[in-house]
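The figures here come from the full heavy-atom set of this structure, side chains too, leaving out hydrogens, waters and symmetry mates.
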Amino acid sequence: CNLVGCDMPDVPRCEDGETVVLKNPGECQPVHECAPPKCPAHRHMSVKKTKCCDFFECTCNCQNSTHTCPIGFITSFFTNDCGCTETLCQPDQVCVVGGVVHPVGSEWEDGCEKCQCTELQDRGTSLHVAQCNPPVCERNCPLVLNTVCVFMQAGERVMVDVCTHCECTVENGAVNKYKLLCKRTNCPSCPQGNCRSKSMYSLQSAAVEQDCVCCAAVKTEPLSVPVLCANGTRSHHTVQSVTTCDCVPKHCN
């Protein structure tokens, strides 16, 4: 833009309450016009009549504010040049979730989710933004066997000793709860291997015949047993656990 070679237009002389307004800001050759003044919110444009001519002026048009700031905003008051009290709402350093105020950095639970008031701000309200994440649920049951911690999955069973069996159970709900349930069987009632046996002479066969009845397992169920390997790794091995015994005839040699 060569301002030396340009003929700069004259700035108009405004009257009747009008003010000079630049119509093309940023351009090389400015253009000015006369326009009525812009009034603030608590004033309105009016035309004042005189004997000579009419002119524009911003006259007071306000009343004391009864506005209430929304939740999460700081309320302040000031008096404008017309003597009216106005309310100013400024965003506080908080998050507002469901009508509840949470300071920046605070944590809380919303149903099943864990929430935190972050440093991020909403572009529209300038209030801080809350972030909520689903909970990290425990999906196993810890069990210590011989100083070794074993984590059992839901439905998995482990034989702690000959008479004690443990199972990882789950309680369904908004958040599933995993619980270790152990049951102890009545070991003294189990057969001890003492069953009726006999040997007798048979006239028909002309020989001694033996009738053997032994204690045998008649019912079993699979059990997962934790195994600590020599290299330090842990694994599970399934074995058959005897739950019912009875005296069963066997062939004797």
Side-chain angles (χ1 to χ4, degrees), residues 1 3 6 8-138 172-177:
C1 180
L3 297 178
C6 291
M8 301 298 291
D10 295 333
V11 178
R13 180 183 177 185
C14 301
E15 298 179 351
D16 303 331
E18 293 185 335
T19 57
V20 177
V21 178
L22 178 62
K23 303 296 292 183
N24 59 342
E27 295 185 10
C28 180
Q29 191 175 28
V31 176
H32 295 88
E33 291 182 355
C34 292
K38 291 185 177 180
C39 300
H42 60 279
R43 292 175 177 266
H44 76 282
M45 180 68 64
S46 63
V47 179
K48 187 175 181 179
K49 297 181 177 296
T50 64
K51 294 182 178 179
C52 172
C53 53
D54 300 338
F55 68 93
F56 299 99
E57 66 176 358
C58 292
T59 57
C60 292
N61 182 30
C62 65
Q63 57 185 357
N64 292 332
S65 173
T66 58
H67 175 69
T68 303
C69 295
I71 297 176
F73 288 81
I74 300 174
T75 303
S76 60
F77 302 94
F78 67 95
T79 302
N80 57 35
D81 57 359
C82 288
C84 297
T85 301
E86 294 191 20
T87 304
L88 180 64
C89 299
Q90 294 179 321
D92 199 359
Q93 301 293 311
V94 296
C95 298
V96 178
V97 179
V100 180
V101 176
H102 302 276
V104 173
S106 62
E107 297 180 352
W108 68 96
E109 292 186 359
D110 186 5
C112 293
E113 296 185 324
K114 292 184 177 180
C115 304
Q116 182 182 24
C117 185
T118 67
E119 295 288 346
L120 301 175
Q121 288 181 283
D122 184 88
R123 293 184 177 181
T125 64
S126 295
L127 291 173
H128 287 259
V129 178
Q131 289 184 345
C132 298
N133 298 310
V136 179
C137 299
E138 294 291 339
N172 296 322
V175 176
N176 291 342
K177 295 182 180 180

- Note on the structure: salt bridge (charged side-chain N to carboxylate O under 4.0 Å, His left out) filter on Asp10, not counting sequence neighbours, yields none

Let me have the donor-acceptor pairs involving side chains of residues 35-43, under 3.5 Å, with sequence neighbours excluded, atom names and distances please.
residue, atom, partner, partner atom, Å
His42, NE2, Asp81, OD1, 2.5
Arg43, NH1, Cys58, O, 2.7

- How far apart are the closest heavy atoms of Val101 and Val96, and which atoms are they? CG2-CG2, 4.3 Å

- Sorted by chain and number, sequence neighbours left out, side chain to side chain contact (heavy atoms under 4.5 Å, CB included) with His32 holds for Val11, Pro12, Val20, Leu22, Pro30

- Task: Using the test side-chain hydrogen bond (donor to acceptor under 3.5 Å, both in side chains), find all partners of Thr125 that sit at least two apart in sequence or belong to another chain.
- Result: Asp122

- Item | Qualifying residues under side chain to side chain contact (heavy atoms under 4.5 Å, CB included), relative to Gln116, sequence neighbours excluded | Glu107

- Message: Let's go through Trp108 and Val100 carefully: what are the C-alpha distance in whole Å and the side-chain angles of both, what is the deciding distance for side chain to side chain contact (heavy atoms under 4.5 Å, CB included) to 0.1 Å, and is it a yes or a no?
- Response: CA-CA 11 Å; Trp108 68 96; Val100 180; over 6 Å; no

Using a 3.5 Å cut-off and no angle test, enumerate the donor-acceptor pairs between side-chain atoms of residues 82-93 and protein atoms at least two apart in sequence or in another chain.
residue, atom, partner, partner atom, Å
Glu86, OE2, Asn80, ND2, 2.6
Thr87, OG1, Ser65, OG, 3.1
Gln93, OE1, His128, NE2, 2.8

